[in-house]
Amino acid sequence: MTKPTIYIFGTSGFAREVADIAHANDHAVAFLTNDPAQAEDLSDFGEVLPESEVDSLSDALFAIGIGDNGVRRKIAERYAGTLQFPALIHPSASFGVGQRERVEAMPGVIVCAGVRFTNRIAVGAFSIFNLNATVGHDVIVGDYCNIAPGANLSGYVHLHPGVWVGTGAAVNQGQPGAHLEIGANTMIGSGSVVVKSCDPDSIYVGIPAKARG
Ligand SMILES: CC(C)(COP(=O)(O)OP(=O)(O)OC[C@H]1O[C@@H](n2cnc3c(N)ncnc32)[C@H](O)[C@@H]1OP(=O)(O)O)[C@@H](O)C(=O)NCCC(=O)NCCS
C-alpha cells in the first residue's frame, strides 16, 4: 500500500534532509511555506504549497523541517492538537532495548541517518537528532532540542527544553541521581566539551566549555 505524503514545514536545507528521511521510509513529500514564490526549486523532491493549504490537509501527516528551536516551537504550538506530527526515523538509526518505541511515541521527533540511542532515554517532543549523533543511557532530552551532527551525549545528561548542542560537541556524563544539566535554551558551540552543568539561556564554547560573556 502507498504510504501517505508527509507535508514538511520549511523549504531550506534541513527541510530537504527531512525529505530524505521521509523518502527512506517510502513516503512522498510536499513542502509548506508562507511564500512559495521565494522558495528554492524543490521540484526534484515534491511540490511547494502555501501554508494556508493546511486547512484542507487536516487528515495528512506533517513534519517540521526547521532547525531553529524557537521557530520549530512556534509552528508546533500553532497546530497543537490539530495536525499529526509522527516521529520520523531514518532506517539506519539504531536503538537499545525499548528505545525505538520511546522515540516513536513522541510527536515531531526527527532522527537522521546514523543516530545511535542506547536505552532508558527520555525524548522530548519536536526534538531533532541530526546525522550520527549518539545518545547515552538515562539521558533526558527536553522538548524542542536540537542535537547537531556528530554530537555525543554521555549517560545521565539532562537537556532542558530548547537546548542546541553544536556539531561534534561532547557532553560528559552525569551520575545516577545527579544528571549533568544543560539549562533551557542554552547553546553549546560546535566542537565544545561540556564537563559540568550549564546555565540556561547561555552560549558555552571551548574545551572545557565555558559560558561566553
Ligand atoms: C557558538 C556559536 C553559537 C557562536 O556563534 P556566534 O555568536 O555567531 O559567534 P561568532 O562566530 O561571532 O564568534 C564569537 C567568538 O566565539 C568564538 N567561537 C564561536 N564558535 C565557537 C566554537 N564552537 N568553539 C570555540 N569558540 C567559538 C569565535 O572564534 C569568536 O571568538 P573571538 O571573539 O575571540 O574572535 C556558533 O559558533 C556555533 O558553534 N554554532 C553551532 C553550529 C552548529 O552546530 N551547526 C549545526 C548545523 S546542523
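One-based numbering, in listed order, for ligands and for the atoms of each.
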* N172 and S154: side chain donor to acceptor below 3.5 Å -> no
* Pair E181 + K196: basic N to acidic O under 4.0 Å -> no
One pair per line, please: each N/O atom of ligand 1 matched with every protein N/O atom under 3.5 Å away, atom names first, then the distance to 0.1 Å.
| from | atom 1 | to | atom 2 | distance (Å) |
| --- | --- | --- | --- | --- |
| ligand 1 | 7 (O) | R212 | NH1 | 3.1 |
| ligand 1 | 7 (O) | R212 | NH2 | 3.0 |
| ligand 1 | 9 (O) | R212 | NH1 | 3.0 |
| ligand 1 | 23 (N) | S190 | N | 3.2 |
| ligand 1 | 23 (N) | S190 | O | 2.9 |
| ligand 1 | 23 (N) | S190 | OG | 3.2 |
| ligand 1 | 39 (O) | S190 | N | 2.9 |
| ligand 1 | 39 (O) | S190 | OG | 3.2 |
| ligand 1 | 44 (O) | T167 | N | 2.7 |
| ligand 1 | 44 (O) | T167 | OG1 | 3.2 |

* Asked: Relative to the ring of F117, is the ring of F95 parallel (under 30°), tilted (30 to 60°) or perpendicular (over 60°)?
  -> parallel
* How far apart are the closest heavy atoms of C112 and H90, and which atoms are they? -> C-CB, 3.7 Å
* Structure fact -> For residues 65-89, the ring pair (Phe, Tyr, Trp, His ring centres under 6.0 Å) pairs (sequence neighbours left out) are F9-Y79, F85-F126
* For the residue pair F45 and A19, what are the closest heavy atoms and their distance? -> CD2-CB, 3.7 Å
